Amino acid sequence: MKYEYIILLVLICNLLASIYVFTNGFLIRRISLNNVNNKNYPELKKFNKSIILFIDALRFDFIFKNSENENFGLPVIENLLNTEPYRTQIYKFIADPPTTTMQRIKALMTGTLPTFIDAGSNFDSYLIEEDNLISQIYRHNKSVVILGDDTWLSLFDSGLIHKHHTYPSFNIKDLDTNDLNVDEKLKEILIEKKLNWNFLVAHYLGIDHCGHSFGPNSPVLKRKLNDIDQSIRLIIDNMDNDTLLVVMGDHGMTETGDHGGDSQLELETSLFFYSKRELSKEEVFYKMKDGRILFKETRQINLTPTLALLLGIPIPFSNLGIVIENLFENKYEAILANFQQMNGFIKEYEQFDKLVDSPSEKEKSSNLKELTIELKKIQDACREKCQLIAKEFDFKSNKIITLYIARFFMIFLIVQQIFLRKKLNVKDRVLFMNLGFSFLTSFVSGESILSIWFVTLIYFFCLNEPGDVTQVLGSFLIEHYFFYATGHETTFTHIKWESGFHGFDGDNNNKLVRFIMIIFIISNTFSAKILSALHLGRMSIQKEKKSLEHKTERMFLKLFIQLILVNSIKVLFSALSVFLLRRHLMVWKIFAPRFVFEVLGFLTGILSGFISFLFIKEIK
């Protein structure tokens with residue numbers, strides 16, 4: 001018996017290692033701070049108002065006419081670049097993965113590099129609690145107006161927004177409703193002057209929906225780009241000299257119209273500045289001898305400190321972006337302000353983790369180049385240390401991870417066959433050979449992954465005693481039903497946080513009390529998993545009474561392995577879903593949270609199983 005327990009422990013550790021390898025590559029995380037920056041630089045302010053034309057999925061090459069694709073082109077921008085070069089600036093706008101709208105809005109407003117899991121003080125909503133442009137504008141008694149995609153309302157407290165007209169964004173077959181409504185509201189605001197504002201966001205969805213529905217090479221894209229072109233003209237004709245227009249995209253799209261990954265087409269989007277007074281005398285693109293034009297690049301997070309200083313508000317506290325210095329007359333003061341903000345963030349963050357070595361005393365230097373280089377070093381070091389760049393999640397590397405998990409389950413089945421059955425009959429031998437062949441083949445080519453799982457299921461349902469399988473599968477199905485029947489869902493916003501406050505003050509800072517509160521929340525969320533695992537003990541005792549040839553511990557071990565196997569397969573297919581659908585529109589909203597819940601439920605079940613085992617030992 002001791003040997004079998006060691007084998008079980010080794011196998012569980014193997015599975016946990018597999019889950020760790022997968023999650024470490026797919027779910028990146030960081031700590032978020034709620035500090036607020038109050039340091040202002042009024043001498044760098046250039047505008048009182050700004051219009052953010054947020055065009056979802058505006059890939060950079062959509063801006064210019066292309067001989068290879070006649071659908072591309074925004075003539076108004078091309079014309080302004082040629083006729084008013086000192087009033088315009090254009091950049092290749094480089095996003096950081098994951099290239100999904102929610103994460104991109106977070107990055108653009110906070111200057112940070114959001115990940116799927118932000119380890120902060122609150123997980124009960126998607127609201128951004130870090131210092132950001134929207135909250136800074138509100139604190140300085142300026143008004144924010146949001147038009148278009150309703151994602152903004154899920155990220156920012158409605159109290160920070162003076163007025164909003166937002167619309168659902170999930171109907172990708174609807175290319176026009178959101179955009180037409182935004183145009184109507186823009187006319188009311190800019191032409192009819194029905195609303196006072198300082199920061200106006202107009203979020204267009206038509207191009208993104210066109211990509212998802214028809215792809216970027218469809219003639220429909222040409223119509224949507226023409227619509228955007230007319231919207232830009234409307235704004236330019238009715239904006240005043242004290243307004244900065246920013247036309248930008250949040251991400252690009254692949255040749256199939258998808259986004260979410262880290263390919264060049266997904267990362268490269270557009271950033272265009274326009275003002276009716278001089279912006280800069282420096283050109284940001286170069287004409288090559290062969291006729292090609294090269295454009296300067298800037299990262300998305302660099303827009304955050306740039307907008308903050310141009311509008312005369314503090315740079316958000318956690319910002320890691322570097323100001324676009326071409327837009328400032330006093331470049332040194334702009335870079336210095338940026339350095340002071342980033343230095344303050346690093347020092348505060350060191351209470352939780354050391355990001356980089358303490359920055360050198362460059363702020364005492366009057367050398368603009370040295371200060372800029374120092375900022376770039378800090379930015380790069382922070383990105384590397386915090387692992388804020390989504391790790392490459394290509395097919396080759398993840399096939400290895402998938403095979404690693406697959407091989408674990410094969411070992412699991414072999415151990416169950418050897419240690420829990422007395423002998424192999426002919427039927428057992430045939431299926432056992434099939435399993436072994438698939439197992440060995442997977443080492444060589446990896447092409448038999450799916451066959452492994454089909455055979456696994458056949459083996460599980462066919463080779464075990466009917467009574468055992470019926471009871472274990474019954475427990476599995478009941479726990480699955482009970483989870484949803486009690487009002488739970490696999491999203492963070494549906495966790496019943498109030499269950500953790502029974503008998504405790506929500507503001508209690510005692511670590512023991514906080515730990516007990518976490519136990520309460522886990523118990524409420526995964527109560528079905530806990531009850532199912534604890535029920536194994538009762539099933540084992542009943543079977544010992546009916547059949548004296550089995551000892552209670554051995555029976556429990558057998559049932560526990562079967563329950564782990566069923567739940568492991570569920571975790572596996574959840575992992576496969578986030579891998580196969582990693583570029584799906586809903587991967588970060590639906591599939592990745594489901595995977596997290598499956599893993600947490602699986603771990604809770606294992607822990608509960610060990611508690612059940614200790615209970616059996618005590619009775620015995």
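Since the structure is predicted, the reported quantities are computational estimates derived from the model, not experimental observations. Numbering of residues begins at 1 and proceeds along the displayed sequence.
- His251 is linked by a ring-ring contact (aromatic ring centres under 6.0 Å, His included) to His259, counting only residues two or more places apart in sequence or in another chain.
- Between the OG atom of Ser231 and the CG atom of Leu74 there is a distance of 10.0 Å, given to the nearest 0.5 Å.
- Aromatic rings from Phe93 and Phe272 are positioned such that their centres are separated by 6.0 Å or more.
- Contacts classified as salt bridge (Lys or Arg N to Asp or Glu O under 4.0 Å) and involving residues 336-346 (residues at least two apart or in different chains) are not found.
- For the pair Ile94/Thr298, no side-chain contact is recorded, criterion being any heavy-atom separation below 4.5 Å from C-beta on.
- Because its NZ or CZ atom is both nearer than 6.0 Å to the ring centre of Tyr41 and within 45° of the ring axis, Lys39 counts as a cation-pi partner of that residue.
- Residue pairs satisfying the salt bridge (Lys or Arg N to Asp or Glu O under 4.0 Å) criterion with at least one member in residues 71-87, sequence neighbours excluded, are listed as follows: Glu84-Arg87.
- A distance of 9.5 Å separates CG of Asn238 from CG of Leu186, quoted to the nearest 0.5 Å.
- At least one side-chain heavy atom of Ser169 sits under 4.5 Å from a side-chain heavy atom of Asp150.
- No donor-acceptor pair under 3.5 Å is formed between the side chain of Asp227 and the backbone N or O of Gly206.
- Counting only distance, with no hydrogens or angles, the side chain of Asn71 and the backbone of Asn217 share a donor-acceptor pair below 3.5 Å.
- Rounding to the nearest 0.5 Å places CG of Asn319 at 7.0 Å from CD1 of Ile301.
- Using a 3.5 Å distance cut-off with no hydrogens or angles, the side chains of Asn48 and Lys45 do pair a donor with an acceptor.
- Side-chain N/O atoms of Asp183 and Tyr204 include a donor and acceptor closer than 3.5 Å.
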Give the C-alpha distance, both sets of side-chain angles, the deciding distance and a yes or no for salt bridge (Lys or Arg N to Asp or Glu O under 4.0 Å) between Lys331 and Glu282.
CA-CA 12 Å; Lys331 294 182 174 60; Glu282 298 186 29; 2.9 Å; yes
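- Between Asp208 and Arg59 there is no salt bridge, since no side-chain N of the basic residue sits under 4.0 Å from a carboxylate O of the acidic one.
- By the 4.0 Å N-to-carboxylate-O rule, Arg299 lies close enough to Asp96 to be salt-bridged with it.
- Ring pair Trp152/Phe156 is parallel by interplanar angle, where below 30° counts as parallel and above 60° as perpendicular.
- Residues Thr101 and Asp149 bring no donor and acceptor atom of their side chains to less than 3.5 Å of each other.
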Begin with the C-alpha distance, continue with both residues' side-chain angles, and end with the deciding distance and a verdict on salt bridge (Lys or Arg N to Asp or Glu O under 4.0 Å) for Asp176 and Arg223.
CA-CA 11 Å; Asp176 300 308; Arg223 177 175 71 83; 3.1 Å; yes
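- Put simply, the side chain of Ser143 never gets that close to the backbone of His162: no donor and acceptor are under 3.5 Å apart.
- Taking a cutoff of 4.0 Å between a charged side-chain nitrogen and a carboxylate oxygen, Asp237 and Arg233 do not qualify as a salt bridge.
- Checking His209 against Asp174 by side-chain atom types alone, no donor-acceptor pair falls below 3.5 Å.
- Here the side chain of Glu130 pairs no donor or acceptor atom with the backbone of Thr110 at under 3.5 angstrom.
- Asp179 has its side chain within reach of Lys224: a pair of non-hydrogen atoms, C-beta onward, lies under 4.5 Å apart.
- Within the 4.5 Å cutoff, no side-chain heavy atoms of Tyr138 are placed close to those of Ile161.
- With a 4.5 Å cut-off on side-chain heavy atoms, Leu309 and Lys46 do not count as touching.
- One finds a salt bridge joining Asp131 and Arg139 here, because a Lys/Arg side-chain nitrogen approaches an Asp/Glu carboxylate oxygen to under 4.0 Å.
- With hydrogens and angles ignored, the 3.5 Å screen pairs no side-chain donor or acceptor of Asn524 with any backbone N or O of Phe520.
- The CD atom of Gln230 sits 9.0 Å away from atom CG of Leu234, with the distance rounded to the nearest 0.5 Å.
- Using a 30° and 60° split on the angle between ring planes, Phe72 and Phe62 fall in the tilted class, from 30° to 60°.
- A 4.5 Å side-chain heavy-atom check between Ile335 and Phe328 finds every atom pair outside the cut-off.
- Annotation: side chain of Thr304 is in contact with side chain of Pro316 (closest heavy-atom distance under 4.5 Å).
- Centroid-to-centroid, the aromatic rings of Phe64 and Phe295 come within less than 6.0 Å.
- Cation-pi contact between Lys49 and Trp197: present, with separation from the ring centre below 6.0 Å and deviation from the ring axis of at most 45°.
- Side chain of Ser154 to main chain of Thr151: a donor-acceptor pair is present (N/O by atom type, distance under 3.5 Å, no hydrogens or angles).
- For the pair Leu265 and Glu255, the minimum side-chain heavy-atom distance is below 4.5 Å.
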